Colleague: 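First the structure, which I've put down as structure tokens, then a few questions once you've had a look.
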Amino acid sequence: MVGTMSLLRALLGNARTARPGQPPRDGLPPDGSVLLDAPDDRLGPALVAAALGDHIPAARLLAETRRAAEWEYRDRYAVRLAAFAHRREDWLTAWRAEAPGDPDGLLVAAQLAVDRAWASPARAERLREVEPVLHAAAEAAPRDPVPWRVLLDHARGGGAPTALFEALWEQAVRRSSHHHGCHVSALEYLSARWHGSHRVCFDFAEAAAFDSLPGSLVRALPLRAAYAQLVSGGAGGGGRGGVPGGVPGGVPGARVDAAADLAAELSARYPVGDPWPAEVRNLLAYVLMARQRWGAALEQFRLIGARATSFPWSAAAGEGGDVLGRFLEARDLTRRALVRGGR
């Protein structure tokens, strides 16, 4: 079976994107109003200040999330701030020099160190070198699960044995039993690409999802497992209910559809254009397209509104590709599939 990634690239390659000035259709915002990875109202000012070399708003934002135990927001903001520092680091350098023991600056520095190590051709060696800053971040904020999510990512990239990964996982869930970021890290470790299989990945994701509260992002964990299987070539574009072909340890397509349905229930709990479930909705639209569930995919594009996210469209666009363009092409392809009589 042709891999879903190749299938979507082929389909999107033939899609025609609407002009920026074209009025909304099907309840979707015009192409020109869609933003990629738009920050929320709290993160936006911190990024603007960082661009001007001022770290104070970022420091205040992360300190606020730490004091309020807003671990999911803290994780998101640390990732985004580290990504910005990857391109421009002067504000973070000043922050670290001014307050070297600050747990918030240490967290961003730890995330940045892992991001850079992952991108290095000598990844394993670089990951070993940066380990001290990760432990420093964890020690500086003993209640915070986010440094442990960074440590989980670090362990996966470094090829940590299962026993070590499980020990880190225990530390993470002790601090926040339903932390989404830590669950995603564990899911990746258990995926067929790393140290598990599609079935193991699904089993973990489904157990975690049904143990979580209805509005929790962990409810979308099976969707992540479905995506991992789809991009490896299983249960992709061949309709509903089929058994994936050529995918060792794969699960039936019906289980993939059930994961999408659970994520759709989560998505329906939030308003149109809400930044909180934006990435889940983008991933859900992608999976629904791969399953050729065009009507359900269009509904997710409506709920996404103007909030496109790099994941998962960056993989479909390819390295250096137009990620926002791929998102817009995907919307257009979904519209045209429904016009042609797709369900």
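What you see is a predicted model; the values in this text were computed from it and never measured.
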Colleague: Looking at CH2 of Trp313 and CG of Asp322, how far apart are the two atoms once the value is rounded to the nearest 0.5 Å?
Modeller: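 With rounding to 0.5 Å, CH2 (Trp313) is 13.0 Å from CG (Asp322).
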Colleague: Any carboxylate oxygen within less than 4.0 angstrom of a Lys/Arg side-chain nitrogen, looking at Arg174 and Glu170?
Modeller: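 Yes, charged N to carboxylate O under 4.0 Å.
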Colleague: Between Arg175 (side chain) and Pro142 (backbone), is there a donor-acceptor pair under 3.5 Å?
Modeller: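 It does hold such a pair.
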Colleague: Between Arg302 and Val272, is there a side-chain heavy-atom distance shorter than 4.5 Å?
Modeller: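 Answer no - side chains too far apart.
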Colleague: Show the nearest heavy-atom pair for residues Asp41 and Pro45, with the distance to one decimal.
Modeller: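 Nearest pair, atom of Asp41 first, then Pro45: O-CD, 3.2 Å.
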Colleague: Tell me the side-chain hydrogen bond (donor to acceptor under 3.5 Å, both in side chains) pairs involving residues 151-166, sequence neighbours left out?
Modeller: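 Every side-chain hydrogen bond (donor to acceptor under 3.5 Å, both in side chains) pair that includes a residue of residues 151-166, provided the two are not neighbours, is Arg149-Asp153, Asp153-Ser185.
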Colleague: With sequence neighbours left out, what residues match Arg76 under salt bridge (charged side-chain N to carboxylate O under 4.0 Å, His left out)?
Modeller: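 Scan of Arg76 (salt bridge (charged side-chain N to carboxylate O under 4.0 Å, His left out), adjacent residues dropped) gives none.
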Colleague: Verify side chain to side chain contact (heavy atoms under 4.5 Å, CB included) between Val146 and His179, making sure each step is shown before the conclusion.
Modeller: CA-CA 9 Å; Val146 183; His179 183 259; 4.1 Å; yes
Colleague: If I take atom OG from residue Ser176 and atom CZ from residue Arg143, how far apart are they, to the nearest 0.5 angstrom?
Modeller: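 Going from the OG atom of Ser176 to the CZ atom of Arg143 covers 10.5 Å.
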Colleague: Could you tell me the separation between the CD atom of Glu329 and the CG atom of Leu324, rounded to the nearest 0.5 Å?
Modeller: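 Here the rounded value is 10.0 Å.
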Colleague: Quick one: which of Val108, Leu107, Asp104 gives a side-chain contact (heavy atoms from CB on, under 4.5 Å) with Leu81?
Modeller: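 The passing option is Val108.
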Colleague: What's the shortest heavy-atom distance between Ala78 and Leu62, and which atoms?
Modeller: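 That closest heavy-atom pairing would be N-CD2, 4.2 Å.
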Colleague: Side chains of His178 and Asp211: does their closest heavy-atom pair fall under 4.5 Å?
Modeller: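 A side-chain contact exists here, since the closest heavy-atom pair is under 4.5 Å.
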Colleague: Taking only Lys NZ, Arg NE, NH1 and NH2, and the carboxylate oxygens of Asp or Glu, determine whether Asp144 and Arg66 approach each other closer than 4.0 Å.
Modeller: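 Salt bridge absent between Asp144 and Arg66.
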Colleague: Linking I/L/V/M/F/W/Y whenever their side-chain heavy atoms sit closer than 4.5 Å, directly or via other members, would Phe311 and Val34 fall into one cluster?
Modeller: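 In one cluster: yes.
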Colleague: Examine Val184 and Leu262 and state if one hydrophobic cluster contains both, with Ile, Leu, Val, Met, Phe, Trp and Tyr joined whenever side-chain heavy atoms are less than 4.5 Å apart.
Modeller: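 In one cluster with Val184: Leu262, no.
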Colleague: May I ask you to say whether Arg67 pairs ionically with Glu64, meaning some side-chain N is under 4.0 Å from a carboxylate O?
Modeller: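 Salt bridge between Arg67 and Glu64, a charged N being under 4.0 Å from a carboxylate O: no.
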Colleague: Can you list the steps and then say if Leu28 with Leu298 is a side chain to side chain contact (heavy atoms under 4.5 Å, CB included)?
Modeller: CA-CA 9 Å; Leu28 303 178; Leu298 186 63; 3.9 Å; yes
Colleague: Using a 3.5 Å distance criterion without hydrogens, assess whether the side chain of Asp37 forms a donor-acceptor pair with backbone atoms of Ser310.
Modeller: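 At least one qualifying donor-acceptor pair exists.
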Colleague: According to a 4.5 Å side-chain heavy-atom criterion applied to Ile, Leu, Val, Met, Phe, Trp and Tyr, with indirect links allowed, do Leu217 and Phe210 form part of one hydrophobic cluster?
Modeller: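 In one cluster: no.
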Colleague: Does the Ser33 side chain pair with the main chain of Pro30, one donor and one acceptor, at a distance under 3.5 Å?
Modeller: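 Yes.
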Colleague: Could you walk me through whether Asp75 and His180 pass the side chain to side chain contact (heavy atoms under 4.5 Å, CB included) test, one step at a time?
Modeller: CA-CA 9 Å; Asp75 202 346; His180 178 249; over 6 Å; no
Colleague: Quick check against the 3.5 Å criterion: does Tyr270 have a side-chain atom that pairs as donor or acceptor with the backbone of Ala278?
Modeller: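 Checked: no pair found.
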Colleague: Going by the rule side chain to side chain contact (heavy atoms under 4.5 Å, CB included), which residues pair with Ala50 if we only count those two or more places apart in sequence or in a different chain?
Modeller: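 Ala50 satisfies side chain to side chain contact (heavy atoms under 4.5 Å, CB included) with Phe84, Trp91 only.
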Colleague: Is there a side-chain contact between Leu152 and Tyr189 (heavy atoms, below 4.5 Å)?
Modeller: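 Result no, sub-4.5 Å side-chain heavy-atom pair not found.
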Colleague: Side-chain contact, heavy-atom cut-off 4.5 Å: Ser267 with Pro277?
Modeller: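 They are not in side-chain contact.
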Colleague: Taking side chain to side chain contact (heavy atoms under 4.5 Å, CB included) as the test, write out the residues that go with Glu139, two or more places apart.
Modeller: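 With sequence neighbours excluded, Glu139 shows a side chain to side chain contact (heavy atoms under 4.5 Å, CB included) to His135, given in chain and number order.
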Colleague: Taking NZ, NE, NH1 and NH2 as the nitrogens, is one of them in Arg331 or Asp31 under 4.0 Å from a carboxylate oxygen of the other?
Modeller: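 Salt bridge: yes.
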Colleague: Please confirm whether the backbone N or O of Ala117 pairs with a side-chain atom of Ser120, one donor and one acceptor, at under 3.5 Å?
Modeller: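 No, because the side chain of Ser120 does not come within donor-acceptor range (under 3.5 Å) of the backbone of Ala117.
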Colleague: Rounded to the nearest 0.5 Å, what separates atom CD in Glu72 from atom OG1 in Thr65?
Modeller: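 Interatomic distance, Glu72 CD to Thr65 OG1, rounded to 0.5 Å: 11.5 Å.
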Colleague: Looking at residues at least two apart in the chain, or sitting in another chain, which of them share a side chain to side chain contact (heavy atoms under 4.5 Å, CB included) with Arg116?
Modeller: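 Here the qualifying residues are His86, Glu89, Leu112, Arg126.
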Colleague: Is there side-chain contact between Ser232 and His198, with at least one heavy-atom pair below 4.5 Å?
Modeller: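 Sidechains of His198 and Ser232: in contact.
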Colleague: Is there a path of hydrophobic side-chain contacts, each under 4.5 Å between heavy atoms of I, L, V, M, F, W or Y residues, that connects Trp169 with Trp71?
Modeller: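 They do not share one cluster, since no chain of ILVMFWY contacts under 4.5 Å joins Trp169 to Trp71.
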Colleague: For the residue pair Gln229 and Phe202, establish whether any side-chain heavy-atom pair is separated by less than 4.5 Å.
Modeller: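 Counting from C-beta outward, Gln229 and Phe202 do come under 4.5 Å.
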Colleague: What's the spacing between Glu131 CD and Leu127 CG if we round to 0.5 Å?
Modeller: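 Output value for this atom pair is 9.0 Å.
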Colleague: Which heavy atom of Leu266 sits nearest to which heavy atom of Gly215, and what is that distance?
Modeller: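 Looking at all heavy atoms of both residues, the closest pair is CD1-O, 3.4 Å.
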Colleague: Closest heavy-atom contact between Asp54 and Ile56?
Modeller: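 The pair with the smallest heavy-atom distance is OD1-N, 3.0 Å.
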Colleague: Can Arg42 be said to sit on top of Tyr73's aromatic six-ring, NZ or CZ under 6.0 Å from centre and within 45° of the ring axis?
Modeller: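 Ring-cation test returns yes.
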Colleague: How close do Arg128 and Pro132 get, counting heavy atoms only, and between which atoms?
Modeller: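 Taking Arg128 first and Pro132 second, the nearest heavy atoms are O-CD, 4.1 Å.
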Colleague: Where do Leu61 and Ala46 come nearest, in terms of heavy atoms and distance?
Modeller: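 So the two residues come closest at CD2-CB, 4.2 Å.
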Colleague: Counting only heavy atoms not in Arg88 (residues, nucleotides, ligands), do more than 12 fall under 6.0 Å from its CZ?
Modeller: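 Correct, the count exceeds 12.
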Colleague: To the nearest 0.5 Å, what is the distance between CG (Leu283) and OG1 (Thr309)?
Modeller: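 Interatomic distance, Leu283 CG to Thr309 OG1, rounded to 0.5 Å: 8.0 Å.
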Colleague: Give the C-alpha distance, both sets of side-chain angles, the deciding distance and a yes or no for side chain to side chain contact (heavy atoms under 4.5 Å, CB included) between Glu299 and Leu288.
Modeller: CA-CA 10 Å; Glu299 174 60 20; Leu288 290 168; over 6 Å; no
Colleague: Heavy atoms, side chains only, cut-off 4.5 Å: are Arg281 and Trp276 in contact?
Modeller: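 A side-chain contact is absent here, since even the closest heavy-atom pair is not under 4.5 Å.
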Colleague: Should Asp40 and Arg307 count as an ion pair when the cut-off is N to O under 4.0 Å?
Modeller: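 Result for this pair is no, no salt bridge flagged.
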Colleague: If you define the side chain from C-beta out and look only at heavy atoms, does anything of Phe204 sit under 4.5 Å from His183?
Modeller: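 Yes - at least one pair of side-chain heavy atoms lies under 4.5 Å apart.
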Colleague: Show the atom names and distances, to 0.1 Å, of all donor-acceptor pairs under 3.5 Å that link a side chain in residues 218-225 to residues at least two apart or in another chain.
Modeller:
| from | atom 1 | to | atom 2 | distance (Å) |
| --- | --- | --- | --- | --- |
| Arg219 | NH1 | Ala209 | O | 3.1 |
| Arg224 | NH2 | Glu279 | OE1 | 2.6 |

Colleague: Honestly curious: do Leu303 and Phe327 fall in one hydrophobic cluster under the side-chain, below-4.5 Å linking rule?
Modeller: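 No, Leu303 and Phe327 fall in different hydrophobic clusters.
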